[in-house]
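First up is the structure itself, then whatever we jot down about it.
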Amino acid sequence: MGSEGPKAVTIHVTGFKKFQGVAENPTESIVTNLKDFVERRGLPPGATLGSCTVIETAGDGALPLLYQTLESSISSTTNNEQVVWLHLGVNSGALKFAIEKQAVNEATFRCPDELGWQPQQLPIVSEDGETSRARETSCCTAEILKYLKKGGFDVTISDDAGRFVCNYVYYHSLRLAEQKGHKSLFVHVPLFSRINEETQMRFVASLLEAIASTC
C-alpha cells in the first residue's frame, strides 16, 4: 500500500460581531478577510483553511450557529484529517495576543450579551457539574507560542479566558472537540488601535501555520 503522507489539517475559524463597549470587533474583519489573505500568502502543504464564520457576541443565543458551524465541519471530515476549530475574540484592554489554554464551566457576564442575556455564576453545561470545572485545549500551546514568537509577534499564553462570551463559546467547543476527536483553540487579539489590522492578519495567518505544524 505504501506509506501514508502527512496528516491533513483543516482549520475552521470563527470571530465575533460587535458588543457593548466594542463598536467594531477586529475579529469580524479578520475572519471576513482571512480567506483572501491566506489565498495570497499560501499555507503549508497539508493545511487547509475551512469555514470562516462570524457569530453573534452572545451566549445561549449564539449556540445554534456555533453548533451548526462545528457539526458541518465534522460531517465533511475524511479519515486521515485533523480538524481544528480556531476561535478568535477581542480583549479590548490587551496590548498583545493571548493563546487561551483552557475554558471554565462558569458564565458570569460583566454586561448583557448582544441578545440581552446576563448570567451570573451559572454553569455553562450543568451536567459537567461545578463552575470550577475547566477544560484544556489539546493543541500544543507551548509549541504554537514558540512558532509565533519566532515570527516576531508579541504573544503570551493565558489560562483565564474570562467568564464572558469568549469563555462560554470556548467551553462548548472544547467539550464537543473532546467528544469528536478534534481540537479547539481560542486566541484573544487586541483592538486595531493597539495592533494594526495588517499585523493582525499576518499574525492569524502565522497562527494557522503554527497550528498546522504542531498538530
Taking all atoms of both residues into account, what is the closest heavy-atom pair of [X] and [Y], and its distance?
X	Y	answer
Cys111	Phe164	O-CE1, 3.4 Å
Ile144	Ala210	CG2-CB, 4.0 Å
Phe19	Arg110	CE1-NH2, 3.5 Å
Thr141	Thr137	CG2-CG2, 3.7 Å
Leu148	Leu207	CD2-N, 3.7 Å

Answer yes or no: does atom [atom1] of [X] have more than 12 heavy-atom neighbours from other residues, nucleotides or ligands under 6.0 Å?
X	atom1	answer
Glu130	CD	no
Gln120	CD	yes
Glu24	CD	no
Lys35	NZ	yes

Test side-chain contact (heavy atoms from CB on, under 4.5 Å) applied to Leu43 and Thr48, step by step: CA-CA 7 Å; Leu43 281 174; Thr48 304; 5.8 Å; no

Pair Asp128 + Arg135, salt bridge at N-O below 4.0 Å: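 Answer for the salt bridge query: yes.
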
Any chance you could measure [X], atom [atom1], to [Y], atom [atom2], to the nearest 0.5 Å?
X	Y	atom1	atom2	answer
His172	Ser184	NE2	OG	12.0 Å
Leu185	Cys140	CG	SG	10.5 Å
Ile124	Thr131	CD1	OG1	9.5 Å

Centroid separation His188 to Phe186 less than 6.0 Å: yes

Under 3.5 Å donor-acceptor pairs involving side-chain atoms of residues 51-60, not counting sequence neighbours:
unit_1, atom_1, unit_2, atom_2, d
Ser51, OG, His12, ND1, 2.9
Thr57, OG1, Lys17, O, 2.7
Thr57, OG1, Lys18, O, 3.4
Asp60, OD1, Tyr168, OH, 2.2

Stepwise side-chain contact (heavy atoms from CB on, under 4.5 Å) check, Glu106 with Leu122: CA-CA 6 Å; Glu106 180 190 339; Leu122 283 183; over 6 Å; no

Check whether any side-chain heavy atom of [X] lies under 4.5 Å from a side-chain heavy atom of [Y], and answer yes or no.
X	Y	value
Arg163	Val104	yes
Val189	Asn91	no
Thr108	Pro119	no

Any donor-acceptor N/O pair, Glu143 side chain to Thr214 backbone, under 3.5 Å: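 Side chain of Glu143 to backbone of Thr214: no pair is present.
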
Glu100 backbone acceptor or donor facing Asp159 side chain under 3.5 Å: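 No; judged by distance alone, with no hydrogens or angles, the pair does not exist.
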
Single-linkage hydrophobic cluster, 4.5 Å side-chain cutoff, Leu115 and Leu63 together: no

CA sep, side-chain torsions, deciding dist, call: Tyr147, Glu209, side-chain hydrogen bond (donor to acceptor under 3.5 Å, both in side chains): CA-CA 9 Å; Tyr147 187 103; Glu209 293 167 7; 3.1 Å; yes

Derivation of the side-chain hydrogen bond (donor to acceptor under 3.5 Å, both in side chains) call for Ser206 and Arg41: CA-CA 10 Å; Ser206 297; Arg41 177 186 169 114; 3.1 Å; yes

Modelled atom types, side-chain donor and acceptor of Thr14 and Trp85, under 3.5 Å: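 Absent: no donor and acceptor within the cut-off.
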
Distance-only donor-acceptor check, side chains Ser158 and Asp160, under 3.5 Å: no

Chi angles and distances behind the side-chain contact (heavy atoms from CB on, under 4.5 Å) call for Phe16, His87: CA-CA 9 Å; Phe16 290 105; His87 306 286; 5.7 Å; no

Worked check of side-chain contact (heavy atoms from CB on, under 4.5 Å) between Thr199 and Met201: CA-CA 5 Å; Thr199 303; Met201 293 301 297; over 6 Å; no

